[in-house]
Amino acid sequence: MMMVGLAKLLNLAITINNTNLLIINHCRFLTFIVQNSINEPSFNNTSMCSLIQQCIENKSLTKARMVHAHAIKFGLLGLNVGNKLTDAYLKCGCIVDTRKLFDELPQRYLISWNSMISYYIGQGKCKEAILLCKRMVSEGVLPDNFTFSSVFKAFSELGFVNGGREAHGMSIVLGLEVLNKFVGSAIVDMYAKFGKMKEAHVVADRVMSKDVVLLTALIVGYTQHGDGEKALKVFGEMIRQGINANEYTFASILITCGNVEDLSIGKLVHGLMVKSGLESVVASKTSLLTMYSRCGLIDDSLKVFNNFLCPNQVTWTSLLVALIQNGKEEVALSKFKEMISSSVLPNSFTLSSVLQACSSLAMLELGKQIHAMVMKFGLDRDKYAGSAVVNLYGKCGSTEMARSVFDALVEYDVVSMNFMIYSYAQNGIGHEAIKLFHKMKELGLEPNEVTILSVLLACNNAGLVEEGCQLFDSIKNNQRFELTRDHYACMVNLLGRCGRLEEAEVLVKQVRNPDLVLWRTLLSACKIHGEVEMAERALKQVLDLSPDDEGTHVLMSNLYASAGNWNQVIEMKSTMREMKFKKNPAMSWVEIDKEVHTFMAGDWSHPSSKEILDTLGCLIEKVKILGYIPDTRFVLQNMDEEEKKRSLYYHSEKLAIAFALRKTNNKTTTIRLFKNLRVCGDCHSWIKLMSHIKLLRNETQMPLSVTKQTFGMRDQSVGAAVLRSDQAEIIKIWLRNLWHLDGTLAEAATICKTAEILGAKARINIIL
DNA sequence: GTAGGGTTAG
């Protein structure tokens, strides 16, 4: 009690703690102070430093402030005490006090400068650290090995290449670059983080005594910049030199093994890791999981995962990514639920990966729930999670939602731009795609191969032939990057579908070793235009490359059918029979109240078949009023015209939509239709007209209400347009709501008739 | 009293 009283007298704030030991310590400390205060001559530098040491050991800011006050009072705030006190403040975690005292000191030890710099870097305040370092030099204090080994990290984190180079120069002058491995490895790491691997390697070669940290920094650099070969080479040399790899090295080199998909080396490294006793270190084991997954051995990844007692956020995410990259999206989604149940929180990596799974499966409802999680974690403006949400909505046909999420992003890069452009492209909104492409360039973002492919796809799906040609030629002439076969295939499709078949064929021949996709694209275009002769040339090439290609036989048989060459159809079908081909039946499915309903043409096994047929009959009549003309060219069997029309009515797409409309109420504005094959041209036109029917439920006996509909498709590869709208407003509105335009004369007639019915003065150019 | 390297994503 006496001590507490004394403390109060001395204006000291003390905390009465239940722990006896703490009270005892406190009392001893106070006794010391009081004794020294009474007996002034015994307060000297040594005793002050000893007191400060106690502050450090107890991590007590209160005591440090108390000693500080005494040091001032007794005029002892000199070099030793002052510098030691900054250390105490720093260890107590109080940067305000530390910095204030540090700035007030008449002179600072190098060690204090270093501590301050290191502290700022540890707190992520890299600019502050660099400023302090510059001030130190300007005050005539030369940096030492400690200063350099810290400060290079600040330059690399800020991406200050020139500053980093300048500091590197200074370390050379002071002889620290080569002689000190701490400095050397920090420089290597810095250049590696800048992606300047040549410079990193040169420095590493110069450092006198190489150790595992230095070489690991080099390996990590090569791994992260995709140079697996060099990473493996450095690793091999390291082992030969007798330098043992540690958990950091294994974590990185296993990623390289996965990247180069070299299972034998991966297994060898796994063996080394076990031999080193580092198999259970979390980060290395996580890399092991990734290595097996990238080598395609997902079961081994699962085995590694099951070995974790308490998988962390990164391990869980690695597992999800492994599953998704091995085509097991559904399993990944169920594992994600497991992760959440085990109270491991997802981060941006996790959510963007899971969203990727939802996008691939077009699972909009689950995707929306994950979007909600993204918002809950404040990641909706994060460029990774945010752009994954953009991709989700884009892939599911909700371009407006995609755009609204896209607009909220803080930072744009080429990937987020590509997602948005692709979303416009696949939903047939070509002009918006092109607009965004120009905006991207205005923002100074360099388009890449994917961007160009997306814009070309947009041109395909919106019939913007001239725009597509212009872009293709400009890239070809610019030679900023090489156009791939995919770009060529896109152009062949664009030209071919609008009837410029000769140009398309020339383009195919321009490609060195044209592949299956290119010839098949040309073949498809030939099918649209009934161009048998060129088709046969393309067919020869396709069969040379892939004699058993089922799709091609089907395509060719369909071409002969649409050209009315029934003899060849019979011949083709018999070849297919001989080769035991079976055409995949076209299927469509819709999800209503979490239940999936699947339909096939001519299959009446669905319990509601009768009602579906009634609804469909009514819908077809309504759509006919809008100008629907059944396009019997899509009937590939030899039958009379009336039979052909009837067979078109019962396509699986139409059955599924009729069913969905019966089962949903007025609140449903969107029906998502999934298909295993490309939608047929007739259904395509029919669906587009359907989206403009406005039928009220009470108008008929049937529960029909279609106001505004978007049809998201699993296979949206229906491409190319030969139709172009002109200024007529109604057509513009219509085009905006359309998915794609495809190029059939029947559709042109449909559009004209619709425009007429709606009272619009439309002019339509048909490009053939 | 001060210092260097790792694993997951769109």
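In the text below, chain A, chain B and the rest are named by the order of the sequence lines, each starting its count at 1. Computed from heavy atoms alone, side chains included, the values below leave out hydrogens, waters and symmetry copies.
Checking the phosphate oxygens (OP1, OP2) of dA3(B), a side-chain nitrogen or oxygen of Ser118(A) falls inside 4.0 Å. Applying the 4.0 Å criterion to OP1 and OP2 of dT7(B), one finds that Gln224(A) has a side-chain N or O inside that range. Distances shown here put every side-chain N or O of Arg294(A) at or beyond 4.0 Å from the OP1 or OP2 atom of dT7(B). OP1 or OP2 of dG6(B) sits under 4.0 Å from a side-chain N or O of Lys193(A).
Residue-level contact check: Leu254(A) touches neither bases nor backbone, having no heavy atom under 4.0 Å from any strand. Here Ser112(A) lies in heavy-atom contact (under 4.0 Å) with a base. Here Val212(A) lies in heavy-atom contact (under 4.0 Å) with a base. Within 4.0 Å (heavy atoms only), Val314(A) reaches at least one base atom of the nucleic acid. Within the 4.0 angstrom heavy-atom criterion, only backbone atoms of the sugar-phosphate kind lie near Asp189(A); the bases stay farther away. Residue Asn246(A) is classed as a base contact, given a heavy-atom separation below 4.0 Å to a base. Among the atoms of the strands shown, base atoms are found under 4.0 Å from some heavy atom of Tyr109(A). Residue Val281(A) is classed as a base contact, given a heavy-atom separation below 4.0 Å to a base. Among the protein residues, Thr223(A) comes within range of no part of the nucleic acid, since none of its heavy atoms lies under 4.0 Å from any strand. Within the nucleic acid shown, Ser348(A) comes within 4.0 Å of at least one base atom, counting heavy atoms only. Among the atoms of the strands shown, only primed sugar atoms or phosphate atoms (P, OP1, OP2) are found under 4.0 Å from some heavy atom of Val220(A).
Aromatic stacking is marked for Tyr248(A) over dG5(B), as both cut-offs hold: 5.5 Å for the centres and 30° for the planes. dA9(B) has Phe349(A) stacked on its base ring, the centres lying under 5.5 angstrom apart and the planes within 30 degrees of parallel.
Asn259(A) and Thr256(A) share no side-chain donor-acceptor pair at under 3.5 Å.
Rounding to whole angstrom units, NZ of residue Lys285(A) and P of dG6(B) are separated by 21 Å. dT7(B) atom C1' lies 14 Å from atom CG of Leu320(A), rounded to whole Å.
The base of dG6(B) lies outside donor-acceptor range of the side chain of Ser252(A), with no N or O pair under 3.5 Å. With hydrogens and angles left out, the side chain of Ser352(A) and the base of dG10(B) share no donor-acceptor pair within 3.5 Å.
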